[in-house]
Amino acid sequence: MKTLKEAYKNYFTVGAAVSAHWLDEAAETVLAHFDTVTCENEMKYNSIHPHDYQRPDFWAMRHGEKPAPPEITRRERFVHPALETDFSAADKIYNFAMSHGLKIRGHNLMWHASYPWGIFEQLTADELMTNTHEHFGLVAEHFPDCYCWDVVNEAIDDKHGGYLRDTVFKEKFGEDYLFEIYALARKYFPNAELCCNDYNEFDPVKSENILRLVTALNERGLVDVIGCQCHLNAMMEQKHFDGVRRGLDKYADLGLKIHITELDVNAIDWKNPDAAPPEDLQRKVAETYSKLFAIFRDYKGVIENVTLWGVSDKYSWLNHFKNAEKRQNFPLLFDSEYKPKEALQAVIDF
Ligand code: 9MR
């Protein structure tokens, strides 16, 4: 059996998101099948600058709940994040990649879901900008060889009729903040590709907003890669695959590179999560992967990298999403014992 990277060597590099806590058990599989890695969590702001300020319930906040802002202790560590860093988990992955000649994508420099919630809100714009400079500078110095960086992750609003997501960064820095932040990324990471990474990227409305943003960044020379996360599912119908193609066509027209940054194929129907799973679930996951990779192959030369959001079904964010603990998900290419699944075979045989 060919390995994944052998099968795709004439198309694009293939990658996997990995976590420091299970890297050792996955290492053999990663080295055999993948050209690149991404840290699933370890390079995010909250991982590099650990703190005890928990983000309140995400779903409750989406539905309008606004908890009182926490009291800040030792404010200076938030203005100057260099005062408190822990690179150990990210180092483990970065050093693994460097010592084995794997390329590494940087994920990510700024994200509304990874910062000390309620604290940044209480900083002045100048203080938050000092923080941003310092954080980017530290990361650039510590991880000089990430070949690409997701700069501001998921900056587009999900609500139809909106454009940019309301975040603390937009609130403090203003509507045009993305130009400033991407310019900073260029300054601190002059040799890396800068990527604009988002999800639901094939939704007709959201994709228009992604195109709008990427076009504006591209006019200023501030972006190199469009990151399509590709959190997809085994319930996809032909019209959805057609939507993936239409979306990729539009992105490809911009003349930038495309990365598939977080591919997985969820097997649970969240609209009906308690329904008995179809018997042919694994087959459906495999067929979905097969159709997706067939599409990706058609964009050879434009798609530079396809990254899976994990290695084995044992560890996937989808095993925890929406209280899914009761149900095993099967979103990846290797089973919980790192054995190749039908889905791997399906993407290798073409
Ligand atoms: O898979 C990641 C999960 O372990 C984390 O708890 C979560 C919050 O940091 O982030 C998950 O990864 C997300 C990625 O960073 C950005 N796009 C969506 C991914 C899945 O939620």
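Start at 1 and go down the list; that is how both ligands and their atoms are numbered. What you see below is based on every heavy atom in this structure, not just the backbone, and it leaves out hydrogens, waters and symmetry mates.
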Heavy-atom contacts under 4.0 Å between Phe321 and ligand 1: side chain, backbone, both, or neither?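 For Phe321, no heavy atom sits under 4.0 Å from ligand 1.
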Which part of Asn108 is near ligand 1, with near meaning a heavy atom under 4.0 Å away: side chain, backbone, both or neither?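 Answer for Asn108: neither.
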[X] side chain to [Y] side chain, donor-acceptor N/O pair below 3.5 angstrom:
{"X": "Glu262", "Y": "Asn197", "result": "yes"}
{"X": "Trp270", "Y": "Asn233", "result": "no"}
{"X": "Glu304", "Y": "Tyr147", "result": "no"}

To the nearest 0.1 Å, how far is [atom] from its closest protein heavy atom, and which atom is that?
{"atom": "atom 6 (O) of ligand 1", "value": "Asn41 OD1, 4.2 Å"}
{"atom": "atom 21 (O) of ligand 1", "value": "Trp317 CE3, 3.4 Å"}
{"atom": "atom 19 (C) of ligand 1", "value": "Glu262 OE1, 3.3 Å"}
{"atom": "atom 12 (O) of ligand 1", "value": "Trp309 NE1, 3.3 Å"}

Any Trp111 heavy atom less than 4.0 Å from ligand 1: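 The answer is yes, since Trp111 has a heavy atom less than 4.0 Å from ligand 1.
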Could you tell me whether [X] and [Y] have a side-chain N and a carboxylate O separated by less than 4.0 Å?
{"X": "Lys92", "Y": "Glu42", "value": "no"}
{"X": "Asp224", "Y": "Arg186", "value": "yes"}
{"X": "Asp35", "Y": "Lys103", "value": "no"}
{"X": "Lys250", "Y": "Glu208", "value": "yes"}

Residue selection (non-hydrogen contact nearest atom 15 (O) of ligand 1) among Arg55, His231, His107, Glu40: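 That would be His107.
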Looking only at non-hydrogen atoms, which of Glu154, His320, Lys44, Gln229 approaches atom 8 (C) of ligand 1 most closely?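 Answer by nearest heavy atom: Lys44.
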Would you mind listing which atoms of ligand 1 come within a distance below 4.0 Å of any non-hydrogen atom of Asn153?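 This gives 16 (C) as the contact atoms.
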